[in-house]
Structure formats: C-alpha cells, structure tokens
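The structure under discussion appears below in the form of structure tokens.
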Amino acid sequence: RYTAHEMKRQAAAAGLHVHNMTHWNAFTFPAAVAVRGYQRLFPAAERGTEFPRVTPAMNQMLLSMAGVERWLVRNSRVPFGLSLVGVLKN
C-alpha cells in the first residue's frame, strides 16, 4: 500500500514523473473503514470471503457509483479513497 507521498517518492527514485495522481473507490471508503474497524474490535477466528455475492440491485448501484467516480476522476482530483492511481511518465 502506498501513500501519495510514497508513490511520488518511489516514482522519482525510478526516474519517473507523476503526470497525474488521484484516489479511487471514494464512495466505498466509509463502508470499508467501518468494516475494518468492526473487524479489529471483534476479530473472528475464521472469516468468509472478502467479496461476498451481492444482489443485482446492489451490483447496479455499485456500478453507478463507479460511473460517477470515473467522471469525478476525469474532471477533478479525488482527495481520498481505497486505492491510489496515477499516470507516470519518464
């Protein structure tokens, strides 16, 4: 896992320039923080799959949220999220 600062540092060390960098999965970030907090408070001996099946309606909602996020990434900088994405150039 990289922070934005660490990714920029690693890119520079590799002789690359960060052309663009932003976060991804901002809409699911609050839910992920809540689940991870719950798991730390109440550790289970065995957990099920990390990606459980979702209903078609939930899947459509997640796809719609990803569409909105794609628009945001193209038109602005997303300040937080579960993932960091970037375009690096040499």
Side-chain angles (χ1 to χ4, degrees):
R1 297 183 186 252
Y2 288 95
T3 63
H5 176 75
E6 180 65 15
M7 183 179 265
K8 288 176 186 176
R9 192 183 73 72
Q10 292 282 337
L16 300 171
H17 166 73
V18 177
H19 176 70
N20 186 16
M21 186 181 315
T22 190
H23 287 86
W24 181 251
N25 288 324
F27 286 115
T28 56
F29 182 79
V33 168
V35 167
R36 289 174 185 171
Y38 178 85
Q39 289 173 342
R40 283 194 185 126
L41 287 173
F42 305 102
E46 185 177 322
R47 294 204 186 277
T49 178
E50 188 72 25
F51 298 101
R53 288 186 175 264
V54 296
T55 65
M58 175 62 79
N59 192 52
Q60 187 56 52
M61 183 182 76
L62 291 168
L63 288 171
S64 296
M65 289 174 15
V68 170
E69 195 156 355
R70 275 193 308 274
W71 182 88
L72 285 172
V73 165
R74 280 192 297 254
N75 295 290
S76 67
R77 187 179 159 278
V78 179
F80 63 91
L82 295 175
S83 301
L84 188 61
V85 296
V87 176
L88 307 175
K89 295 185 176 184
N90 50 351

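Connection of M7 to L16 is established within a shared hydrophobic cluster, with ILVMFWY side chains joined at heavy-atom distances below 4.5 Å, either directly or through further cluster members. Under the 4.5 Å side-chain heavy-atom criterion for Ile, Leu, Val, Met, Phe, Trp and Tyr, L82 and V33 are members of the same hydrophobic cluster. Linking Ile, Leu, Val, Met, Phe, Trp and Tyr whenever their side-chain heavy atoms come within less than 4.5 Å puts M61 and W24 in one cluster. Each of W71 and L63 belongs to its own hydrophobic cluster when Ile, Leu, Val, Met, Phe, Trp and Tyr are linked at side-chain heavy-atom distances under 4.5 angstrom. No chain of hydrophobic side-chain contacts below 4.5 Å, direct or via other Ile, Leu, Val, Met, Phe, Trp or Tyr residues, connects V68 to F80.
Ring-plane geometry between H19 and H17 is classed as perpendicular, the angle between the planes exceeding 60 degrees on a 0 to 90 degree scale with a lower cut at 30.
Atom CG of N90 has 12 or fewer heavy atoms from other residues, nucleotides or ligands within 6.0 Å.
The line from NE2 of H5 to CZ of R9 is 7.0 Å long, rounded to the nearest 0.5 Å. Rounded to the nearest 0.5 Å, atoms CG (L62) and OG1 (T28) are 8.0 Å apart. Going from atom CG of L84 over to atom OG1 of T22 covers 8.0 Å, rounded to the nearest 0.5 Å. Here NZ of K8 is found 15.0 Å from OH of Y2. Values are rounded to the nearest 0.5 Å.
Identified under the salt bridge (charged side-chain N to carboxylate O under 4.0 Å, His left out) test for residues 54-81, with sequence neighbours left out: none.
Contact between S83 and N25 at its shortest, heavy atoms only, is OG-ND2, 3.7 Å.
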